[in-house]
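Right, one structure below, let's go through it.
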Amino acid sequence: MPITTVNPANGEDIETYQKLSKDEAFAKVEACHQAFTEWKMKSLQDRAAVIKSIGKALRDRKEDLAQLMTREVGKLIGDSRDEVELCAGICDYTASTGPKELADEQRDPSNAARGIVTYSPIGVVYGIQPWNFPAYQVIRYAIASLMAGNGVLLKHSSLCTGSGLMIEKIFHDAGLPENLFTVLVIDHDTSDEIIGHDKVRGVTLTGSDGAGRHVGEKAGKAIKKTVLELGSNDAYMVLEDADLDKAAEVCAQARLYNNGQTCINGKRFIVTDKVYDAFLEKFVAHFEGVKLGDPTDENSDMGPMSSADLRDDLQDQVDESVKNGAKIACGGSVPDKKGAWYPATVLTDVAPGQPAYDDELFGPVASVIRAKDDEDAMRLANDSRYGLGGGILCGDTERAIELASKHFDTGMVYINTYGVADPSMPFGGVKNSGYGKEHGGFGVKEFVNAKAIFVGAE
């Protein structure tokens with residue numbers, strides 16, 4: 001069956017793409033490996049120059065790519081433009097810092113006159129990426145892998161097939177050698193075969209923990225390195241000394257950014273009893289004020305979800321949570337409107353045994369949980385099988401830093417602010433949110449061979 005992309009704002013088809021057969025996909029893997037054998041011989045400075053050029057090309061095509069992403073997945077057009085700019089910034093950062101991060105290191109071993117640690121590329125890296133950030137999810141792993149000297153394959157979400165193919169063209173137009181970055185328009189069965197291909201040396205996935213288990217198992221059987229970024233139900237704690245106006249604003253942004261479809265969106269909002277009622281009133285007011293509208297309209301606050309199927313799954317989770325004791329403070333039902341629309345929703349009385357507490361609700365639904373005190377809030381925040389990100393809203397910043405560094409069991413923590421990612425800071429989680437890091441100098445070393453060279457006396 002071919003892939004047809006659909007505009008979630010109106011339900012209309014955008015374009016249809018034919019899938020590759022297994023043999024066609026394998027031929028692209030072989031071509032990528034061949035391109036890698038030449039690319040790996042380029043100097044770090046030469047690779048950095050091409051990556052810098054890719055950043056410029058992304059900016060040159062920003063409007064085209066942003067408009068396509070908005071058509072395919074319903075992102076607000078301003079968010080799409082910001083995403084392309086972030087991608088260009090990642091290219092700039094990697095081009096600037098990559099040669100230093102990957103430079104040979106001199107050591108003084110006890111069993112040789114001198115030692116050298118060299119970071120050698122490993123080969124072809126296969127990335128399986130989701131739809132919520134059609135450009136960023138690709139750039140995040142691809143640019144680091146290319147800087148390291150690897151070849152890169154991409155299986156993008158079928159929802160944003162066109163965006164993946166446009167990125168491939170932008171890369172090549174910027175001067176990246178042919179076949180070194182290749183999009184595979186394939187089904188899941190062929191994807192499993194790609195993981196096992198002998199020319200594929202590393203696999204990275206961004207997706208659900210269920211998808212992570214599947215891909216991790218396939219790669220593990222083939223003894224291949226993986227990096228898994230698997231979503232979360234991030235907790236934002238509102239402590240007793242928080243500025244409640246600011247807390248409500250930050251928490252609303254943390255939940256609703258990107259139409260509520262971000263792995264490090266705030267999802268559980270844990271509020272100490274002392275400020276619970278006052279916070280909830282302000283928080284709900286933000287949600288009730290959200291204007292659903294055409295994502296290409298600069299005045300819209302929130303666009304549609306990425307597909308009707310995912311919207312319906314979210315409604316099922318809300319219904320199941322309510323059935324098990326949660327209450328709807330606002331929103332909570334599908335509007336009578338063509339497209340994949342869902343309102344900004346707040347659930348209260350959220351407790352264990354409900355999807356709103358236990359699972360990831362990947363859409364604009366906030367779970368508000370009452371804590372006895374600040375200590376109880378920290379306990380509840382860590383009461384999750386996930387551990388990607390989280391937040392702390394409070395008046396005492398130094399205390400929050402201590403909580404973040406010593407007690408919060410996540411990969412990232414935001415204090416009195418919300419953000420998505422920054423190329424200078426590591427990105428990744430713990431527990432069922434996966435393993436491995438991207439950005440911050442860590443990503444360029446995930447798929448390399450840290451090779452030890454021992455040199456005897458001359």
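In this chain, numbering begins with 1 at the start of the sequence shown. If you're wondering where the values come from, they're calculated on a predicted model, not measured in any experiment.
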Would you check if the distance from the ring center of Trp131 to the ring center of Phe362 is below 6.0 Å?
-> yes
What closest approach, in Å, do Val448 and Ile122 show between heavy atoms, and which atom pair accounts for it?
-> C-CG2, 3.6 Å
Contact summary for Pro134 and Ile167, nearest pair of heavy atoms = O-CD1, 3.6 Å
Determine the interplanar angle of the Tyr418 and Tyr414 rings, folded into 0 to 90°, and report it as parallel if under 30°, tilted if 30 to 60°, perpendicular if over 60°.
-> tilted
Donor-acceptor contact below 3.5 Å, side chain Asp312 vs main chain Asp309 = no
Just by distance, do the side chain of Asp374 and the backbone of Thr272 share a donor-acceptor pair under 3.5 Å?
-> no
On a heavy-atom basis, the closest approach of Pro364 and Leu314 is CD-CD2, 4.0 Å
Taking atom types as modelled and ignoring hydrogens, do the side chains of Asn233 and Tyr357 form a donor-acceptor contact shorter than 3.5 angstrom?
-> no
OG (Ser158) and NE2 (His188) are apart, to the nearest 0.5 Å, by 7.0 Å
State, without any angle test, whether Thr206 and Tyr141 hold a side-chain donor-acceptor pair at a distance under 3.5 Å.
-> no
So does Glu217 pair up with Lys221, basic N to acidic O under 4.0 Å?
-> yes
Salt bridge present between Asp273 and Arg370 (N-O < 4.0 angstrom) | yes
Return the minimal non-hydrogen interatomic distance between Gly162 and Glu72, and the atom names on each side.
-> N-OE2, 2.9 Å
Asp245 backbone acceptor or donor facing Asp243 side chain under 3.5 Å | yes
Should the heavy atoms of other residues, nucleotides or ligands under 6.0 Å from CD of Glu105 be counted, would the total exceed 12?
-> yes
Distance-only donor-acceptor check, side chains Asp319 and Gln315, under 3.5 Å = yes
Nearest heavy-atom contact between Gly74 and Pro304 is O-CD, 3.6 Å
Heavy-atom donor-acceptor pair, Lys224 side chain to Val200 backbone, under 3.5 Å | yes
Name of the residue among Asp349, Leu347, Val271, Val350 meeting side-chain contact (heavy atoms from CB on, under 4.5 Å) with Val368 = Val271
From CA spacing to verdict: side chain to side chain contact (heavy atoms under 4.5 Å, CB included), Lys323, Gln354 = CA-CA 9 Å; Lys323 179 181 176 182; Gln354 302 169 6; over 6 Å; no
State whether the number of non-hydrogen atoms from other residues, nucleotides or ligands found under 6.0 Å of Lys52 atom NZ is greater than 12.
-> no
So, Asp192 versus His214: side-chain donor-acceptor pair below 3.5 Å or not?
-> yes
Determine yes or no for a side-chain-to-main-chain donor-acceptor pair under 3.5 angstrom, with Glu360 supplying the side chain and Ser232 the backbone.
-> yes
Would Tyr236 and Leu393 satisfy side chain to side chain contact (heavy atoms under 4.5 Å, CB included), going step by step from the backbone distance to the final call?
-> CA-CA 7 Å; Tyr236 272 60; Leu393 286 303; 3.9 Å; yes
Residue Glu281 excluded, over 12 heavy atoms near CD under 6.0 Å | no
Considering only heavy atoms from C-beta outward, does the side chain of Met305 approach that of Gln261 to under 4.5 Å?
-> yes
Give a yes or no on whether a salt bridge exists between Lys437 and Glu446, defined as a side-chain N under 4.0 angstrom from a carboxylate O.
-> no
Kindly compute the distance separating CZ (Arg255) from CG (Asp234), expressed to the nearest 0.5 Å.
-> 9.5 Å
Within the distance-only criterion (no hydrogens, no angle test), does the side chain of Thr410 pair as donor or acceptor with the backbone N or O of Gly387 below 3.5 angstrom?
-> no
Derivation of the side chain to side chain contact (heavy atoms under 4.5 Å, CB included) call for Asn432 and Arg213 | CA-CA 9 Å; Asn432 282 12; Arg213 288 187 184 91; 3.1 Å; yes
Salt bridge present between Asp358 and Arg385 (N-O < 4.0 angstrom) = no
Check: Arg107 side chain, Val117 main-chain N or O, donor-acceptor pair, under 3.5 Å | no
Nearest-0.5 Å distance, SG of residue Cys91 to CD1 of residue Ile143 | 4.0 Å
Any side-chain donor paired with an acceptor under 3.5 Å for Asp294 and Ser300?
-> no
Indicate yes or no: at least one non-hydrogen side-chain atom of Arg59 is less than 4.5 angstrom from one of Val84.
-> no
Salt-bridge test for Glu229 and Arg140: reply yes if a basic N is under 4.0 Å from a carboxylate O, no otherwise.
-> yes
Gap separating the CD atom of Gln137 from the CG atom of Leu205, nearest 0.5 angstrom = 10.0 Å
Would you say Ser157's side chain and Leu159's backbone share a donor-acceptor pair under 3.5 angstrom?
-> yes
Output for pair (Asp373 CG, Arg379 CZ), nearest 0.5 Å, gives 9.5 Å
Flag side-chain contact, heavy atom, 4.5 Å: Cys251 against Val238 | yes
Using a distance-only test with no angle check, is there a side-chain donor-acceptor pair under 3.5 angstrom linking Glu320 and Asn324?
-> yes
Mind checking whether His439 and Phe427 have parallel, tilted or perpendicular rings, split at 30° and 60°?
-> perpendicular
Tyr386: which of Asp359, Asp409, Asp209 passes side chain to side chain donor-acceptor pair (under 3.5 Å) = Asp209
Taking all heavy atoms of Leu76 and all of Gly303, pick out the closest pair and write down the distance.
-> CD2-N, 3.7 Å
Is atom NZ of Lys445 surrounded by more than 12 heavy atoms (other residues, nucleotides or ligands) closer than 6.0 Å?
-> yes
Counting only N and O atoms by type, is there a donor-acceptor contact under 3.5 Å from the side chain of Asn258 to the main-chain atoms of Gly260?
-> no
Backbone N/O of Val322 and side chain of Lys327: donor-acceptor pair under 3.5 Å = no
Between Trp341 and Val334, is any pair of side-chain heavy atoms under 4.5 Å apart?
-> no
Pair Lys274 + Asp241: basic N to acidic O under 4.0 Å | no
Do Thr70 and Ser80 have side-chain N/O donor and acceptor atoms under 3.5 Å apart?
-> yes
Going by heavy atoms in the side chains, are Gln67 and Arg71 under 4.5 Å from each other?
-> yes
Residues, nucleotides or ligands: over 12 heavy atoms within 6.0 Å of Lys337 NZ | yes
Under 3.5 Å, is there a donor-acceptor pair linking the side chains of Gln253 and Glu249?
-> no
pair Ser191-Ile128: side-chain heavy atoms closer than 4.5 Å = yes
Is there side-chain contact between Tyr342 and Val318, with heavy atoms separated by less than 4.5 Å?
-> yes
Leu184 versus Tyr126: any side-chain heavy-atom pair under 4.5 Å?
-> yes
Straight-line distance of Asn259 CG to Lys75 NZ, nearest 0.5 Å | 8.0 Å
